[in-house]
Number of protein chains: 2
Amino acid sequence: MPNPISAQLRFAVLATDVVCFRVASGRLEVLLAKVHLPPFYKNRWGLPGGIILADETAEQSVERHLKTKAGIAQVYKEQLATFSRIDRDPRNRVVSVAYLALMHGGEEREPTATETRWCPLAEVPKLAYDHDEILAAATERLRSKLSYTNIARYLMPRAFTFSELQRAYESVLGHVLDKRNFRKRFLSLGLVRATGKKRKEGAQRPAELFAFTGTGLRTLGL
Amino acid sequence: MPNPISAQLRFAVLATDVVCFRVASGRLEVLLAKVHLPPFYKNRWGLPGGIILADETAEQSVERHLKTKAGIAQVYKEQLATFSRIDRDPRNRVVSVAYLALMHGGEEREPTATETRWCPLAEVPKLAYDHDEILAAATERLRSKLSYTNIARYLMPRAFTFSELQRAYESVLGHVLDKRNFRKRFLSLGLVRATGKKRKEGAQRPAELFAFTGTGLRTLGL
DNA sequence: ACTATTGGTGTATAGCATACACATATGCCC
DNA sequence: GGGCATATGTGTATGCTATACACCAATAGT
């Protein structure tokens, strides 16, 4: 059952897929979207995404699909890679430009559609299409960029404690870090600054609140 | 004058472009292809590339165009990024998946078509489409990967002297390096091994020949 | 044998990443 | 109010890695 649009074509159709991460309750979560496409996929999960229209860029396509499917806007995005395996879509030839998107969990931006959900990375089921591969690429990109950029700023709210920041790192990297060295590194590199405010939360010493310095993504060691 | 193929479409056409580098005579060169497309471009230079067919992946498309336009095959390739600005092609909507390709200059693989040429990076003219931007991205990728991978292996022939390897680095990085530290680094990381052979070339001490160890791309510091 | 040219070698130093243990501020319970 | 539980916050010693730097060696040509 070839799709009538691409069946007449000698060329591929272009789409985008987004791997949107957040850290919530100290866990790394991915945004998933329901895929219902009998006879190939029945009630599977996949990444949100869709066609690139003739009058939009890949990035605009990502924005549109995130907004439409999950009510998410204004998040950090970067292009990941383009996936072009010939049989990656069982219906017809679709080439997909994949994006990595990051947001923070504190802001209570829950998906509007019931057809999307946040899923802890460790519990992601087998996904439709080649989305497992795309997710793996995104995870790898995020992991490595955490070490040599300040990309974590997009996973954190405006103000945060060092414990929260460290938990974000640990949940992405998958291993624990030393508290003192962690703190020292961020402060000596000037990546974060104290806001002067404190957060009281439960029966313990109040934590100082920090914010990332500057704006935008910064690559270290340049 | 809209292209008849894409004019009927709501969607973009997909293409590839390749930035193919080599080091020859101690300079970094890039492969250019002639673009003749009145009234937009008259005898301009651009990157080699072309359409992705319905039955080929992006990588296969790159291989096909490199082979067809310049007679080049069997080179290292990696995906760079996808360029989707709406007006990047003046005729119609074309989204391009750009690739970085590397080869060594020693092998005398000269372009077969007269419509392509090797151009030293420093002398590249203003290119057609958004190819300046693509070239800049490729240069940046190569420069940075040189520092944290053994990607230089694809710019070198099987056996080479340390002087040749260092000249390759210097021509890409654009600055000179210390001979002793350079050598020490490659040997202590086990990236290269001595072949035991020597090359006599002119009125000076013969140089020992080295080869890269292992196979494939290796990322350091893992 | 002398010269010109490129090849080849070692050490000292500074900066950075890592390992590691205890005191502090709060809320809660008795 | 005193003691306890919990998360916050701090400094030093050590090893490794990157860098800076100068001289001798082997050959070809004259």
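Sequence lines set the chain letters: A, B, ... in the order given, protein chains first and strands last, and positions in each chain run from 1. The figures here come from the full heavy-atom set of this structure, side chains too, leaving out hydrogens, waters and symmetry mates.
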A.B. asks: What I want to find out is whether Glu115(B) reaches Lys69(B) closely enough, with some N-O distance under 4.0 Å, to be called a salt bridge.
C.D. replies: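 Lys69(B) and Glu115(B): not salt-bridged.
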A.B. asks: Does this structure show an ion pair linking Glu59(A) with Arg85(B), if we count only N-O contacts that are shorter than 4.0 Å?
C.D. replies: no
A.B. asks: Please identify each residue that fulfils side chain to side chain donor-acceptor pair (under 3.5 Å) with Ser61(A), with sequence neighbours left out.
C.D. replies: Thr16(A), His65(A)
A.B. asks: Among residues at least two apart in sequence or on other chains, which ones pass side-chain contact (heavy atoms from CB on, under 4.5 Å) with Asn43(A)?
C.D. replies: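 Lys34(A), His36(A).
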A.B. asks: Is any side-chain N of the basic residue among Lys197(A) and Glu208(A) closer than 4.0 Å to the acidic one's carboxylate O?
C.D. replies: no
A.B. asks: Please identify the 5'-most and 3'-most nucleotides of DNA chain D with any atom under 4.0 angstrom from a heavy atom of chain B.
C.D. replies: dA18(D) to dA28(D)
A.B. asks: Can you sort out which residues in residues 162-183 of chain A have a heavy atom within less than 4.0 Å of DNA chain C? Ascending by number, please.
C.D. replies: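 Here the set is Asp178(A), Arg180(A), Asn181(A).
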A.B. asks: Quick one: which residue pairs count as a ring-ring contact (aromatic ring centres under 6.0 Å, His included) with a foot in residues 135-164 of chain B, not counting sequence neighbours?
C.D. replies: Tyr76(B)-Tyr154(B), Phe160(B)-Phe212(B), Phe162(B)-Phe210(B)
A.B. asks: Using a 4.0 Å cut-off to any heavy atom of chain B, which nucleotides of DNA chain C are the first and last in contact, reading 5' to 3'?
C.D. replies: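 The footprint of chain B covers dA4(C) to dT11(C).
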A.B. asks: Charged N to carboxylate O under 4.0 angstrom, Asp17(B) versus Arg88(B)?
C.D. replies: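 Counted as a salt bridge, because a side-chain N and a carboxylate O are separated by less than 4.0 Å.
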A.B. asks: Side chains of Thr57(B) and Ser84(A): any donor to acceptor distance under 3.5 Å?
C.D. replies: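 The criterion, which ignores hydrogens and geometry beyond distance, is not satisfied for Thr57(B) and Ser84(A).
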A.B. asks: Any salt bridge between Arg27(B) and Glu170(B), counting N to O under 4.0 Å?
C.D. replies: no
A.B. asks: Is the distance between the ring centroids of Tyr129(B) and Tyr41(B) under 6.0 Å?
C.D. replies: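 Aromatic pair counts; centres sit under 6.0 Å.
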